[in-house]
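Report on the following structure.
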Amino acid sequence: MAIKIISTRNFAKPMKATLQSSGKLGFTHDTAEILKLESGKLIQFGRDEEKNEMYMILTHGTPEDAFAVAKAGEYFYLPTTLMFDALGYDYKIVTYFFDLVRRIDLDEDLNGEVYFMKERQKTKTTKAMES
């Protein structure tokens, strides 16, 4: 019998990312620490079109199809505006939140540390849209 210990690192605090009104995907401070984000770290995205599900992959390689993590002050983000535009996200009117759920079972197939992006939405107020 082979029992594998499940790391508490993946469950200590909820990991979240938010699609900003600029189209950039921003990470909470706690999430950045758990994911060990740093400038230049490469992240890919995958999409299961049948289920309409998104996945974020902290890649182990240096693929061309990856975004490099950027940092502004203490804030980490990905320059994902064009990707989310192409996918039809209306981030000017809706705030999209993504709860990141670890998917170890997909790591080998996707060559990285894989997270399911469980999507939540909130329509922005008129005041928020004007700023």
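Treat the numbers as computed from the prediction; the structure is a model and nothing was measured.
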For [X], all residues meeting side chain to side chain donor-acceptor pair (under 3.5 Å), sequence neighbours excluded:
X	value
Thr31	Thr28
Asn111	none
Thr59	none
Asp48	none

Roughly how far, to the nearest 0.5 Å, is [atom2] of [Y] from [atom1] of [X]?
X	Y	atom1	atom2	answer
Met117	Leu19	CE	CG	8.5 Å
His29	Lys16	NE2	NZ	14.5 Å
Leu106	Glu113	CG	CD	12.5 Å
Lys122	Thr95	NZ	OG1	7.5 Å
Asp99	Tyr115	CG	OH	13.5 Å

Requested in this report: Answer yes or no: are there more than 12 heavy-atom neighbours, outside Lys71 itself, under 6.0 Å from its atom NZ?
Outcome: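 Yes, because the 6.0 Å sphere around NZ of Lys71 holds more than 12 heavy atoms from other groups.
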Requested in this report: Report the C-alpha separation of Ile93 and Lys124 in whole Å, then their side-chain angles, then the decisive distance to 0.1 Å, and conclude whether the side-chain contact (heavy atoms from CB on, under 4.5 Å) test is met.
Outcome: CA-CA 6 Å; Ile93 295 174; Lys124 295 179 181 179; 5.9 Å; no
Enumerate donor-acceptor pairs with a distance under 3.5 Å from any side-chain N or O in residues 73-84 to protein atoms, sequence neighbours excluded.
from  : atom 1 : to    : atom 2 : distance (Å)
Thr80 : OG1    : Gly23 : O      : 2.7
Thr80 : OG1    : Leu25 : N      : 3.2
Thr81 : OG1    : Ser22 : O      : 2.7

Report task. Answer yes or no: is there a donor N or O on one side and an acceptor on the other, between the side chain of Tyr96 and the main chain of Asp90, under 3.5 Å? Result ->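 Checked: pair present.
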Would a hydrophobic clustering, with Ile, Leu, Val, Met, Phe, Trp and Tyr connected at side-chain separations under 4.5 Å, put [X] with [Y]?
X	Y	value
Met15	Phe67	yes
Tyr91	Leu87	yes
Val94	Met54	yes
Val114	Leu58	no

Query - Note, Asn52 side chain near Arg47 side chain (heavy atom, < 4.5 Å) - result: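 Of all side-chain heavy-atom pairs linking Arg47 with Asn52, at least one is under 4.5 Å.
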Query raised in the report: Between Tyr89 and Glu119, do the side chains contain an N or O donor and an N or O acceptor separated by less than 3.5 Å?
Result: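 The criterion, which ignores hydrogens and geometry beyond distance, is satisfied for Glu119 and Tyr89.
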Query raised in the report: Would you call Asp85 and Lys92 a salt bridge, taking side-chain N to carboxylate O under 4.0 Å as the test?
Result: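 Looking at Lys92 together with Asp85, the answer is no, because their closest N to O distance does not fall below 4.0 Å.
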Cut-off 3.5 Å, no hydrogens considered: what does the side-chain donor-acceptor table look like for residues 37-46, sequence neighbours left out?
from  : atom 1 : to    : atom 2 : distance (Å)
Lys41 : NZ     : Leu35 : O      : 3.0
Lys41 : NZ     : Lys36 : O      : 3.3
Gln44 : NE2    : Asp65 : O      : 3.4

Query raised in the report: So Leu100 and Met56, side-chain contact (heavy atoms from CB on, under 4.5 Å) or not? Walk me through it.
Result: CA-CA 8 Å; Leu100 304 177; Met56 185 178 83; 3.7 Å; yes
Report task. Tell me whether the guanidinium CZ or amine NZ of Arg103 lies under 6.0 angstrom from the six-membered ring centre of Phe116 and within 45° of its axis. Result ->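 Verdict for Phe116: no cation-pi partner in Arg103.
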